[in-house]
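Each chain gets a letter, A, B and so on, in the order the sequences are listed, and its residues count up from 1.
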Amino acid sequence: MELSREQYNALEDVVGPEYISEEPAIRDAYCKVWGNRIIYDDDYAVRPAAVVLPGSAEDVQRIVRVCNRYKIVFKPSATLFATGAQPSSENAIALDLRRMNRILEIDEKNKHMVVEPYVSHLKAQIAAMERGLYLGAIGAGPSASVVATHCCFGGDCLTSPGTAANGRNVLGAEWVLPTGEILRLGTAGTGAGWFSADGPGPSLQGIMRGQRGASGALGVVTKVAAKLYDWCGTKMWNFVGDAANYHIDGKLEGYEIYTITFPTKNDMFEAVYLLHEEQIALSLMRANPAAHILAVPEGNDEAWELWQKSVGEAGADRILHSIIMCVNARSPRQKEFNERVIKKVIQKMHGELTPELNSPVMQAKNLANTLLATGGVRAAFRVVGCFSGAAHGSDSLDLCKRLEEIGIELEKPYIERGDFLQVWEYGQMASEHNTVGGRGGIYIQYDPWDPKSLEAARKIARESPKPEPENYALPLPGEMPERPAAMMGGRTGENVGDWTGYIKWMFDPNNVSDGDNYALPVPPIKPNVKGSGG
Amino acid sequence: MKMALIDYEMTTAKCSRCSYCKWVPPEMVKSIDFMTVCPSIDRYNFHSFSSSGRLNIALGLLKERLQYSDAMLDIIYKCQMDGACDVSCKNNTDLEPLQAIQELRINCVENGQIIPAHMVVIDGLKKEDNMMQELKADRGKWAEDLDVKDLTKEKADVLFHAGCRYSYDKELWPVVRAGLTLLKSAGVDVGIMKGEEACCGGRAYQMGYAAELTKYAEHNTEAIRNAGVKILVTPCADCYQAFKVLYDKIGMKPKVEVLHITEYLERLIKEGKLKLDKAVPMKVTYHDPCHLGRLAEPWIHWNGVEKKVLGQMIVHDPPKKYRRGAKGVYETPRNIIRSIPGLEFKEMYRIKEYAWCCGAGGGVISAYPDFAIWTAQKRLEEAESTGAEALVTACPWCKRNFQDAVNESGKKIKVLDIIELVQQAMATKGKGVSA
């Protein structure tokens with residue numbers, strides 16, 4: 001759909017001719033991203049009407065007001081690395097926030113940084129590390145936007161045990177509401193600085209992002225204050241090697257990484273409990289035999305060779321129940337304590353530091369994959385083509401374990417038919433917040449250009465909410481075949497979908513902030529919205 | 001095996017949009033001020049101006065979602081084809097973005113989708129065998145008064161191929177003359193083709209004119225054979241990459257050793273035939289020319305099939321090696337620089353396979369000179385951040401574009417070819433070369 005000249009001119013007045021385009025070759029770049037085939041059965045979603053590049057929060061505010069005036073739907077994105085970041089209708093315009101890429105403030109004393117939407121995790125991390133601070137590593141990888149991961153999407157961190165998930169690290173945000181008003185959350189709203197998102201100014205963190213984020217369906221977040229943690233290493237990590245083999249040079253002072261293998265699943269989960277109780281983990285991930293190996297070398301052929309050489313089918317069972325844990329230490333005494341805990345847990349739960357998984361090469365790669373999240377993107381897309389989550393949930397470790405069991409049963413027939421990557425017993429468990437809890441379920445790796453594999457991925461995404469405990473088991477919203485993603489009726493709790501729709505209706509009366517990956521507006525007269533008050 | 005755009009359809013489809021192509025490989029980022037690697041997306045901002053965006057255009061054309069337009073051609077050609085995106089992408093993937101974009105350009109040319117500025121250059125090439133819109137008859141003028149063998153009439157061990165830029169850019173003549181003189185002073189039996197030297201075809205290929213590469217590869221391989229030389233040496237990184245990599249890619253690998261002049265100079269220094277015995281008290285930094293660095297990685301021929309293991313994991317039979325940028329000529333020029341007495345060498349943040357481009361490549365210097373200069377200015381800022389007095393490079397196209405950027409901005413930093421540096425570091429031999 002084309003914008004009218006009046007509409008186009010109104011938008012062009014805001015950003016100038018250089019930063020707006022209706023050229024199809026430009027618009028098409030905002031409707032193609034991994035994961036589209038499972039939803040749209042095509043590489044492409046819906047081509048937006050135009051692409052606009054605002055340069056400031058004020059530009060965003062003016063654009064949003066134009067959209068309200070003309071009932072144009074808008075969809076903001078930073079690197080646009082998720083299906084849910086794409087515009088959903090031909091009447092929508094894509095707001096590419098790329099020009100808003102500044103680190104505005106780093107408060108070393110109070111440990112936070114204020115950034116604009118196009119500041120990537122890597123950029124933020126390098127700047128933080130220079131000051132002895134650390135942001136945490138996001139599974140989406142180093143290119144992902146800090147604003148997107150903290151305020152708009154899932155935000156699960158590889159380093160959640162030590163740094164919490166990104167959504168819990170928001171100390172303030174500047175938010176252009178769908179009506180065009182600018183709201184600053186918490187202390188920033190009273191001019192007292194960016195140190196708390198929960199007052200004395202307005203809070204609304206829960207509404208801004210909730211558990212999984214609104215994906216740009218409730219306006220545009222134009223700044224976030226992100227909490228920082230101590231960086232325990234030398235000033236900067238030092239990667240060496242050539243393009244086929246970047247690796248951390250020797251040991252990284254302050255950080256250790258262990259791959260621990262257990263004889264049974266129960267032993268593994270018991271060990272995770274014990275490790276959590278001691279609160280020593282910066283990251284703690286369940287790792288399956290294939291994942292150990294396949295993300296490490298530079299290419300699939302090299303990975304396959306390494307797999308055959310170091311593990312092979314016969315060896316897979318031996319390392320079936322494994323975790324990769326990264327620990328950091330601010331002092332020699334803390335390091336010693338960490339080592340004693342790990343040794344004791346290994347001893348108690350019959351674990352083993354398997355030599356082939358703890359070689360210097362594997363340790364260096366795993367450390368980079370953990371601290372910088374370089375391996376996730378490689379594993380998710382290179383090895384097979386695409387991935388999806390199924391039977392996912394965040395809660396107690398018991399639930400993680402249960403979800404993993406559900407997921408494994410669910411995927412078994414598909415795996416046997418060769419529809420997905422053969423991953424043996426691939427549960428996925430990333431512990432969070434150094435509490436005895438985590439995120440559990442399974443990941444499947446499918447080839448979206450193989451019709452059989454794609455259909456299987458679609459089927460398992462639809463099947464996964466059905467087993468008990470149904471209130472928690474759901475695929476990741478971005479990969480759900482049905483839209484709008486967050487309105488899947490009660491899957492995450494009783495009438496959450498209705499309430500989400502009601503909030504959407506309240507905040508976005510003209511329904512201009514693209515809600516496809518979140519919710520459509522639901523007026524309060526709907527009878528099953530409890531306590532809405534009409 | 002000749003490839004076409006359709007052969008890269010899966011590369012275009014499989015781009016996950018991770019945006020790695022916009023940045024230095026994450027492990028190697030050392031400064032937030034110098035962490036981007038693609039001039040095109042940095043300058044023009046819309047995602048289409050990234051490698052990912054261009055793959056998207058290629059897929060759109062293949063699927064007939066998109067039709068050619070002037071705006072699309074602008075996106076396709078506002079790219080230096082420098083391959084930095086390719087290195088960063090392959091940090092994560094088994095894709096071939098640069099090859100796909102190359103085929104996109106070839107597809108454009110084959111379909112008559114060309115831009116006027118390139119047409120002028122190619123017309124000149126077709127008529128006069130050079131990329132500089134100059135007369136063929138003037139090609140050998142740069143060496144007119146030099147005592148050097150004419151390989152159209154005499155025999156020698158080594159062919160010195162000056163390249164189009166050095167042959168016609170008079171401001172750069174002192175550099176190319178010095179390069180040849182250094183070889184002669186080291187006792188190398190060297191000659192040139194004088195007016196019979198022809199373009200390598202490499203730059204035309206990057207602009208999408210594949211037939212020109214084949215034409216000049218045929219001509220040059222025959223000329224080299226007729227000259228009976230054992231070694232071809234060139235001071236131009238573009239020519240080096242064409243002779244070494246592109247000719248091999250199209251199955252016309254010359255049957256002589258191909259060396260960039262830095263490789264030959266290093267050899268002569270090691271053999272003691274060139275003595276760097278004079279101190280050069282200067283702080284310098286080094287710019288890796290794309291065509292000497294990541295793009296000079298040898299071509300890898302592969303002929304096999306894709307298969308699936310572990311259910312859905314895609315592997316190749318026989319295993320396929322990807323050109324990930326690791327095997328360019330990186331240490332050679334650095335070794336020369338480090339061997340110069342009194343010289344202080346400081347690296348920039350973006351080096352080797354993830355170096356920022358000078359801005360001249362891919363036909364950009366001809367079609368979008370402002371963009372070429374903008375790109376060079378960004379590199380000069382990085383060079384200045386090291387405190388260097390001079391930016392050293394090893395390619396006439398880089399030197400030209402950096403020098404133009406310096407002239408335009410009034411920056412104080414000097415731009416030197418490594419040949420000039422070697423010349424300065426020699427107390428006796430190799431001196432006496434004038435413009």
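To the nearest 0.5 Å, atoms CZ (B:Phe46) and CG (A:Asp96) are separated by 8.0 Å. A:Leu53 CG to B:Tyr44 OH: the interatomic distance, rounded to the nearest 0.5 Å, is 14.5 Å. Taking CG from A:Asp301 and CE from B:Met313, the interatomic distance works out to 7.5 Å, rounded to the nearest 0.5 Å. Once rounded to the nearest 0.5 Å, the distance linking CG of A:Leu80 with OG of B:Ser52 reads 9.5 Å. Atom CD of residue A:Glu298 and atom CG of residue B:Asp94 lie 9.0 Å apart, to the nearest 0.5 angstrom. The distance from the CG atom of A:Asn300 to the CD atom of B:Glu306 is 9.5 Å, given to the nearest 0.5 Å.
Annotation: maximal heavy-atom pairing with chain A below 4.5 Å, among B:Gly60, B:Pro25, B:Ala13, occurs at B:Ala13. Most heavy-atom pairs under 4.5 Å with chain A, from the set B:Leu95, B:Leu61, B:Ile57, B:Asn91: that is B:Asn91. By number of non-hydrogen pairs under 4.5 angstrom with chain B, the leading residue of A:Glu302, A:Met129, A:Gln125 is A:Glu302. Of the listed residues (B:Leu66, B:Thr93, B:Asp317), the one with the most heavy-atom contacts under 4.5 Å to chain A is B:Leu66. In terms of heavy-atom pairs under 4.5 Å with chain A, the best-connected choice from B:Arg294, B:Met72, B:Met28, B:Lys352 is B:Met28.
For B:Glu27, the parts lying near chain A are the backbone and the side chain together; criterion is any non-hydrogen pair under 4.5 Å. With a 4.5 Å cut-off on non-hydrogen atoms, B:Thr12 touches chain A through its backbone but not through its side chain. Contacts between B:Asp42 and chain A at a heavy-atom distance below 4.5 Å involve backbone atoms as well as side-chain atoms. A:Asn36 does not touch chain B: none of its heavy atoms, backbone or side chain, sits under 4.5 Å away. Proximity to chain B is limited to the side chain of A:Ile103, based on heavy atoms less than 4.5 angstrom apart. Using a 4.5 Å cut-off between heavy atoms, B:Ser69 touches chain A through its side chain atoms alone. Both the backbone and the side chain of B:Pro26 come within less than 4.5 Å of a heavy atom in chain A. At a 4.5 Å heavy-atom cutoff, A:Leu371 makes no contact with chain B through either its backbone or its side chain. Neither the backbone nor the side chain of B:Tyr330 comes within less than 4.5 Å of any heavy atom in chain A.
Salt bridge annotation for A:Asp447-B:Lys308: present, with a cationic side-chain nitrogen under 4.0 angstrom from a carboxylate oxygen. A salt bridge does not link A:Glu305 with B:Lys321: none of the charged nitrogens is closer than 4.0 Å to a carboxylate oxygen. Ion pairing between A:Lys123 and B:Asp33 fails under the 4.0 Å rule for side-chain N and carboxylate O. The pair B:Lys63-A:Asp43 meets the salt-bridge criterion, since a charged nitrogen lies less than 4.0 angstrom from a carboxylate oxygen.
Counting heavy atoms from C-beta on, the side chains of A:Ile26 and B:Ile75 come closer than 4.5 Å. A heavy-atom distance below 4.5 Å is found between the side chains of B:Tyr20 and A:Pro142. Put simply, the side chain of B:Met35 reaches to within 4.5 Å of the side chain of A:Ser120, judged on heavy atoms. The closest side-chain heavy-atom distance from B:Arg65 to A:Lys32 is not below 4.5 Å. The shortest distance between side-chain heavy atoms of B:Ser16 and A:Phe81 falls below 4.5 Å. For the pair B:Cys18 and A:Phe381, the minimum side-chain heavy-atom distance is 4.5 Å or more.
Taking both residues in full, the closest heavy atoms of A:Ala127 and B:Ile32 are given as N-CG2, 4.0 Å, listed atom of the first, atom of the second, then distance. Minimum heavy-atom separation, B:Ser19 to A:Ser143: C-OG, 4.0 Å. B:Arg17 and A:Thr79 get closest at one heavy-atom pair: NH1-O, 2.6 Å. Contact detail for B:Ile41 and A:Arg98: the closest heavy-atom pair is O-NH2, 3.0 Å. The two residues A:Glu18 and B:Arg43 come nearest to each other via the heavy atoms OE2-NH1, 3.4 Å. For A:Ala243 against B:Arg324, the heavy-atom pair with the smallest separation is CB-O, 3.0 Å.
Counting only distance, with no hydrogens or angles, the side chain of B:Gln312 and the backbone of A:Gly418 share a donor-acceptor pair below 3.5 Å.
Residues A:Tyr30 and B:Asn56 have side chains that never bring a donor and an acceptor to within less than 3.5 angstrom of each other. No side-chain donor-acceptor contact under 3.5 Å links A:Arg382 and B:Asn92.
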Applying side-chain contact (heavy atoms from CB on, under 4.5 Å), run through B:Met10 and A:Trp449 and close with a yes or a no.
CA-CA 9 Å; B:Met10 288 317 293; A:Trp449 295 276; 3.3 Å; yes

- Task: Decide side-chain contact (heavy atoms from CB on, under 4.5 Å) for B:Leu59 and A:Tyr44; before the verdict, give the C-alpha distance in whole Å, the side-chain angles of both, and the deciding distance to 0.1 Å.
- Result: CA-CA 10 Å; B:Leu59 183 63; A:Tyr44 294 89; 3.6 Å; yes

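Counted within 6.0 Å of NZ on B:Lys327, heavy atoms from surrounding residues, nucleotides or ligands total 12 or fewer; the atom is thus considered open. For B:Asn111, the CG atom counts as densely surrounded, since its 6.0 Å shell holds more than 12 non-hydrogen atoms of other residues, nucleotides or ligands. In A:Arg102, the CZ atom is not crowded: 12 or fewer heavy atoms of neighbouring residues, nucleotides or ligands sit closer than 6.0 Å. Counting non-hydrogen atoms of other residues, nucleotides and ligands closer than 6.0 Å to CD of A:Glu90 gives a total of 12 or fewer.
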